[in-house]
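Okay, structure first, notes after.
Quick caveat: nothing in here was measured; it's all calculated off a predicted structure.
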Amino acid sequence: MRTGISRLKEINSALPGLLFGIVLFGVLCQVAGFFLVSNKADFSIGLWIGVGTAIFMAFHMAVSLNATVERDVKGAQAAATRQNIIRYLVVVIIFAILMVTKIGNPLAAFAGVMGLKISAYVQPMLLKRIHRTDSPNEGITDVIPEKTE
């Protein structure tokens with residue numbers, strides 16, 4: 001039986017580590033917000049909407065990349081551009097909904113979305129700390145043992 005991590009690896013080998021980093025960044029922001037923000041509920045809702053948006057973006061990028069590399073150069077460029085526009089349009093719509101309805105803090109949501117960027121930048125350094133080696137071809141999920149039954 002395949003685990004959830006192996007399914008994520010099938011989509012993209014870097015996806016599990018990226019998702020782990022996004023959620024870890026969300027937890028760290030939540031802890032910081034507990035001490036720094038007066039309206040904790042508004043902050044938390046916005047933050048986790050942003051984290052959810054970042055997770056959507058990571059999945060969408062992984063699937064889009066898989067579909068794009070199977071095309072010729074011209075088709076790949078057009079498909080990548082189209083998928084980028086779709087992804088950022090969804091982000092703009094989510095932020096617009098947050099601003100109009102005031103159900104969450106848009107700045108906290110922005111922080112949650114930035115978890116995708118932070119995770120992408122920090123993932124190689126985190127891998128070095130975990131493995132204590134300089135092997136660039138390993139993913140963060142190589143540390144997590146596969147479940148065998």
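Residues F95 and T53 form no side-chain contact, since every pair of their non-hydrogen atoms from C-beta on lies 4.5 Å or further apart. A heavy-atom distance below 4.5 Å is found between the side chains of F110 and M114. Using a 4.5 Å heavy-atom cutoff, the side chains of L65 and Q83 are not in contact. A heavy-atom distance below 4.5 Å is not found between the side chains of V90 and M57. Between W48 and Q30, the closest side-chain pair of non-hydrogen atoms falls below 4.5 Å. The shortest distance between side-chain heavy atoms of S64 and R87 falls below 4.5 Å. Counting heavy atoms from C-beta outward, V23 and I55 have side chains that approach closer than 4.5 Å. Between F25 and V51 the shortest side-chain heavy-atom distance does not fall below 4.5 Å.
One hydrophobic cluster, built from ILVMFWY side chains closer than 4.5 Å, cannot hold both F43 and I97; they sit in different ones. Grouping the Ile, Leu, Val, Met, Phe, Trp and Tyr side chains by contacts below 4.5 angstrom, directly or via other members, places I22 apart from L107. The hydrophobic clustering, which links ILVMFWY residues whose side-chain heavy atoms are closer than 4.5 Å, places L116 and I86 apart.
Put simply, CG on N105 and CG on N39 are 8.0 Å apart, with the number rounded to the nearest 0.5 Å. Rounded to the nearest 0.5 Å, atoms CG (L24) and CG (L28) are 4.5 Å apart. Summarising the geometry, atom CD1 belonging to I118 is positioned 12.0 Å from atom CG belonging to L18; distances are rounded to the nearest 0.5 Å.
In the displayed structure, K40 atom NZ is contacted under 6.0 Å by more than 12 heavy atoms of other residues, nucleotides or ligands.
Scanning all heavy atoms of the two residues, the minimum distance from I45 to G104 falls at CG2-CA, 4.0 Å. For G26 against L47, the heavy-atom pair with the smallest separation is O-CD2, 3.4 Å. The minimum heavy-atom distance between Q123 and G17, with the atom names listed, is NE2-CA, 3.6 Å. Closest approach of A54 to G112, counting heavy atoms only: CB-O, 3.6 Å.
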